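Everything numeric in this text was worked out from a predicted model, so none of it was measured.
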Amino acid sequence: MDIFDAVSSRYSCRAFLPKAVPEAVVRDIVERAARAPSAGNMQPWRVYALAGKRVEALKAQLRPRMASELPKGEGVEYVIYPQPMAEPYRGRSFTVGELLYQSIGVPREDKPARYKQYARNYEFFGAPVALFFAREKDHGAAQWADIGGYLQTVALLARGHGLHTCPQQAWVSFHTTVRAFLDLPDHLMIYSGMALGYEDPAAPINQWRAPRAALEDFAVFDGFES
């Protein structure tokens with residue numbers, strides 16, 4: 001798969017097949033992704049890869065808590081969305097939420113059903129591999145951006161292996177549990193989770209794609225002669 005196909009075919013997969021991913025493949029992805037750029041070559045990312053019994057153990061810890069603790073969970077260590085969220089960002093976020101729930105036939109007013117789907121985040125949507133990305137607490141905006149670049153590189157390399165991913169910042173809502181489970185050092189904090197595995201191509205929730213803004217909405221080109 002070339003890079004153009006990897007970029008165009010990447011999406012946030014929310015239903016995976018129960019097919020194991022070899023450790024060697026996950027190691028290859030995580031190692032190659034370290035070619036992602038970072039300010040001063042700091043390489044500020046820290047990665048925790050889980051599979052098998054470890055994934056199941058984390059899911060088992062959280063499963064009985066879903067009915068009473070969603071959507072806030074344990075609170076967050078950092079704010080994911082700006083409050084209030086201005087346009088056009090609010091509209092884009094609203095639209096993608098509507099498309100997601102429409103794909104599985106859940107109306108806006110059915111909050112129990114929406115929470116049930118949201119709880120699938122904490123099952124990694126059935127993926128056999130869970131990745132957690134951590135960062136130094138005292139690092140700044142540039143290092144946050146670097147980790148985002150690393151995460152995207154992981155997602156694209158996964159496509160090269162015929163795999164799909166779903167980045168999951170939802171995991172920061174259970175940062176205390178994840179910290180204890182991973183035995184995370186005090187100087188680190190969770191930036192994001194990620195589900196990794198083989199997509200379920202028959203799942204309705206995998207049949208739609210999030211729209212993207214037109215080029216003119218976010219880019220300016222100046223000084224080109226041809």
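- Remark: the backbone N or O of Gly91 is paired with a side-chain donor or acceptor of Glu87 at under 3.5 angstrom.
- In this structure, CZ in Arg90 is found 10.0 Å from OG1 in Thr95, a value given to the nearest 0.5 Å.
- When all heavy atoms of Ile29 and Ala158 are compared, the pair lying nearest together is CD1-CA, 3.8 Å.
- A donor-acceptor contact shorter than 3.5 Å links the side chain of Ser38 to the backbone of Gln43.
- One hydrophobic cluster, built from ILVMFWY side chains closer than 4.5 Å, holds both Leu157 and Leu151.
- More than 12 heavy atoms of other residues, nucleotides or ligands lie within 6.0 Å of CZ in Arg209, so this atom counts as buried by the packing criterion.
- Following chains of ILVMFWY side-chain contacts shorter than 4.5 Å, one cannot reach Val154 starting from Phe125, and the two form parts of different hydrophobic clusters.
- Distance alone, capped at 3.5 Å, places no donor-acceptor pair between the Arg179 side chain and the Asp183 backbone.
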Item to check | Candidate pair Glu56 and Lys53, rule salt bridge (charged side-chain N to carboxylate O under 4.0 Å, His left out), full reasoning | outcome: CA-CA 5 Å; Glu56 294 305 316; Lys53 292 181 179 179; over 6 Å; no
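- Within a 6.0 Å sphere centred on CD of Gln102, heavy atoms belonging to other residues, nucleotides or ligands number more than 12.
- A salt bridge links Glu98 to Arg114: one of the charged nitrogens lies within less than 4.0 Å of a carboxylate oxygen.
- Of the possible donor and acceptor atoms, none in the side chain of Ser93 sits under 3.5 Å from a partner among the backbone N and O of Tyr89.
- For Gln207, the CD atom sits in a packed shell: over 12 heavy atoms of surrounding residues, nucleotides or ligands are nearer than 6.0 Å.
- What you find for Phe16 and His164 is that their closest heavy atoms are CE2-O, 3.4 Å.
- Both Tyr81 and Val76 belong to a single network of hydrophobic side chains, linked directly or stepwise wherever heavy atoms of I, L, V, M, F, W or Y lie under 4.5 Å apart.
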Atom pairs and distances, donor-acceptor, side-chain atoms in residues 195-205, under 3.5 Å, two or more places apart:
residue, atom, partner, partner atom, Å
Glu199, OE1, Tyr11, OH, 2.6
Asp200, OD1, Ala202, N, 3.1

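- The main-chain N or O of Leu100 is found under 3.5 Å from a side-chain atom of Ser103 such that the two form a donor-acceptor pair.
- Residues Tyr115 and Pro71 approach most closely at OH-CD, 3.6 Å, considering heavy atoms.
- Pairing each heavy atom of Val106 with each of Ala113, the nearest pair is CG1-CB, 3.7 Å.
- Ring geometry for Phe221 against Phe224 counts as tilted: the plane angle lies between 30° and 60°, on a 0 to 90° scale.
- Cluster membership check: Phe94 does not share its hydrophobic cluster with Trp208, using side-chain heavy-atom separations under 4.5 Å among Ile, Leu, Val, Met, Phe, Trp and Tyr.
- Atom NZ of Lys59 is surrounded by more than 12 heavy atoms from other residues, nucleotides or ligands within 6.0 Å.
- Looking at every heavy atom in both residues, Leu99 comes nearest to Pro211 through CD1-CD, 3.6 Å.
- Crowding of Arg32 atom CZ: a count of heavy atoms from other residues, nucleotides or ligands under 6.0 Å not exceeding 12.
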Donor-acceptor pairs under 3.5 angstrom involving side-chain atoms of residues 126-146: please list them, not counting sequence neighbours.
residue, atom, partner, partner atom, Å
Arg135, NH2, His139, O, 2.6
Glu136, OE1, His187, ND1, 2.9
Glu136, OE2, His187, ND1, 3.4
Lys137, NZ, Asp186, O, 2.9
Gln143, OE1, Gly140, N, 2.9
Asp146, OD2, Ala39, N, 3.0

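- Between Tyr191 and Tyr78, the ring planes are parallel. Angles under 30° get that label, and only those over 60° would be called perpendicular.
- In the hydrophobic clustering of ILVMFWY residues, with side-chain heavy atoms under 4.5 Å counting as a link, Val30 and Trp45 come out together.
- Looking only at side-chain heavy atoms (C-beta outward), Asn121 and Ser173 stay at 4.5 Å or farther from each other.
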